[in-house]
A.B. asks: 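Please see the structure below; I have some questions.
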Amino acid sequence: MILLMDQVRTRSAGRLSAEQWERNLALAFVAAMAIAAILLAIYFTRALTRSMRRVIATFAAIEAGRYENEIVVDSTDEPGQVLRSLDKMQTTLRNRIEADRAVLTENQRVLADNRRMLAENTRVRQALDNAGTVVVVVDEKHEIVYANETAKSTFAQLQPDIQRELPQFSGSPLVGSSIDIFRPLPCLDRVALDRLRSASIETLAIGGHTLVLSASPILDSTGGRLGTVLEWRNRTREVAVEHEVKSVVEEALQGNLEARLRWMARWDFTPILREA
């Protein structure tokens, strides 16, 4: 009986020892898992914090206008994907800004060229407006697009005389009219202007007036026609004086010394006198 009780006690003690060892082992495993979890949490927290600091620093640099930031991506997790996307965004922004700067620089250059051309055109226009000769510009569609002040006043003054031969002519308004107001003058025909490739000079007698017309084509860099510039010079009084001088000289050569000049203007009649 006593032996049986000893065996029971021995087995109970062994069972209790085994249970205690298993419990201690389980507690140790749980403790180890908890410590591992804490260490992993600390590791991932630090990694995430480090990645977020990079992201924040990069955003601050981009906000300050710096787009050359070096972004190191050393992981494939979510923070690494965020950094990779941030790097792509930075590259896209840098390329777009560089392209916009190039466009802006080109636009500024074009604007400066346009201002320079505008200043040049303004000077040329003012010079033409104040020129003493009649200047008219016809575009490629044979429409009068420019006439200086001398042209407007001259054609307004000569309009009644010109209309005796060209009834459709109207000198007011001159700009906006078609070149057809000078029909049927051959030198101002549409076909003649289209075929013009160099300066041409014609002397026209219209309505009792003598007009010298100089027509020059306006061509672009490829030789395409942009229009025609017409420069008129009224030689009516000059021609009248030349004819009178010639008549007086011819009368003198025939022995009539009573002829006198009615025009007392200063003109160069040397060629006529030499011919006489």
Side-chain angles (χ1 to χ4, degrees), residues 26-131 135-148 175-176 193-194 196-197 216-229:
L27 291 175
F29 178 76
V30 171
M33 292 296 295
I35 294 173
I38 293 173
L39 292 176
L40 287 175
I42 294 174
Y43 171 77
F44 285 115
T45 300
R46 288 183 176 178
L48 179 61
T49 302
R50 186 167 55 251
S51 299
M52 293 308 298
R53 286 176 179 173
R54 294 180 190 172
V55 171
I56 294 173
T58 303
F59 272 121
I62 292 175
E63 183 181 4
R66 299 191 301 272
Y67 301 94
E68 302 293 339
N69 306 288
E70 183 180 359
I71 301 177
V72 179
V73 181
D74 51 8
S75 64
T76 58
D77 54 4
E78 285 76 5
Q81 294 177 4
V82 171
L83 290 172
R84 190 175 294 107
S85 299
L86 182 60
D87 188 35
K88 292 181 179 179
M89 184 192 73
Q90 176 181 245
T91 302
T92 302
L93 285 175
R94 181 175 63 249
N95 294 337
R96 184 175 301 175
I97 289 175
E98 289 176 355
D100 291 342
R101 285 175 179 172
V103 172
L104 179 61
T105 301
E106 178 64 17
N107 290 340
Q108 290 176 342
R109 185 190 64 80
V110 172
L111 181 61
D113 290 342
N114 290 340
R115 288 177 177 173
R116 178 180 54 79
M117 294 177 62
L118 178 60
E120 292 178 357
N121 292 338
T122 301
R123 288 193 293 269
V124 172
R125 185 181 182 92
Q126 290 180 354
L128 291 176
D129 286 341
N130 298 320
V135 178
V136 175
V137 177
V138 182
D139 65 8
E140 72 278 7
K141 298 179 181 178
H142 309 101
E143 180 178 329
I144 298 175
V145 294
Y146 172 78
N148 65 354
V175 176
L193 293 181
D194 289 341
L196 194 63
R197 286 296 177 269
S216 301
I218 303 175
L219 306 176
D220 60 18
S221 58
T222 62
R225 182 177 177 276
L226 299 177
T228 309
V229 57

A.B. asks: Got a sec: does the CZ of Arg96 have more than 12 other heavy atoms crowding it under 6.0 Å?
C.D. replies: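 No, not enclosed.
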A.B. asks: Going by side chain to side chain donor-acceptor pair (under 3.5 Å), name the residues that satisfy it together with Asp220, two or more places apart in sequence or in a different chain.
C.D. replies: Thr222
A.B. asks: Roughly how far apart are Arg101 CZ and Gln108 CD, rounded to 0.5 Å?
C.D. replies: 12.0 Å
A.B. asks: Applying side-chain contact (heavy atoms from CB on, under 4.5 Å), name anything that partners Glu140, two or more places apart in sequence or on another chain.
C.D. replies: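 Counting only residues at least two positions away or on another chain, Glu140 forms a side-chain contact (heavy atoms from CB on, under 4.5 Å) with Arg225.
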A.B. asks: So which heavy atom on Val137 is nearest to which on Ile218, and how close?
C.D. replies: CG1-CD1, 4.0 Å
A.B. asks: For the CG atom of Asn95 and the CD atom of Gln90, what is their distance to the nearest 0.5 Å?
C.D. replies: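 Nearest 0.5 Å value for the CG-CD distance: 10.5 Å.
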A.B. asks: Not counting sequence neighbours, which residues clear salt bridge (Lys or Arg N to Asp or Glu O under 4.0 Å) with Arg94? List them please.
C.D. replies: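 With sequence neighbours excluded, Arg94 shows a salt bridge (Lys or Arg N to Asp or Glu O under 4.0 Å) to Glu68, given in chain and number order.
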A.B. asks: On a heavy-atom basis, which atom in Val175 and which in Ala147 lie closest, and how many Å separate them?
C.D. replies: CG2-N, 3.7 Å
A.B. asks: Mind checking side-chain contact (heavy atoms from CB on, under 4.5 Å) for Val110 and listing every partner two or more places apart, or none if nothing turns up?
C.D. replies: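 In terms of side-chain contact (heavy atoms from CB on, under 4.5 Å), with neighbours along the sequence ignored, Val110 is linked to Glu106, Asn114.
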A.B. asks: With sequence neighbours left out, write down each residue that passes side-chain contact (heavy atoms from CB on, under 4.5 Å) with Ser216, or none if nothing qualifies.
C.D. replies: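 In terms of side-chain contact (heavy atoms from CB on, under 4.5 Å), with neighbours along the sequence ignored, Ser216 is linked to Ala199, Ser214, Val229.
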A.B. asks: Could you tell me the separation between the CG atom of Leu219 and the CG atom of Leu196, rounded to the nearest 0.5 Å?
C.D. replies: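 The distance works out to 8.5 Å.
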A.B. asks: Between Pro217 and Arg197, what is the shortest heavy-atom contact and its length?
C.D. replies: CG-C, 3.5 Å
A.B. asks: What residues, two or more places apart in sequence or in another chain, satisfy side chain to side chain donor-acceptor pair (under 3.5 Å) together with Asp113?
C.D. replies: Arg109
A.B. asks: Any chance you could lay out the side-chain contact (heavy atoms from CB on, under 4.5 Å) test for Thr228 and His142, step after step, and finish with the verdict?
C.D. replies: CA-CA 8 Å; Thr228 309; His142 309 101; over 6 Å; no
A.B. asks: Enter the distance from Thr122:OG1 to Glu120:CD here, rounded to the nearest 0.5 Å.
C.D. replies: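 Going from OG1 on Thr122 over to CD on Glu120, the span is 10.0 Å.
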A.B. asks: Using the side-chain contact (heavy atoms from CB on, under 4.5 Å) criterion, which residues pair with Ser85? Sequence neighbours excluded.
C.D. replies: none
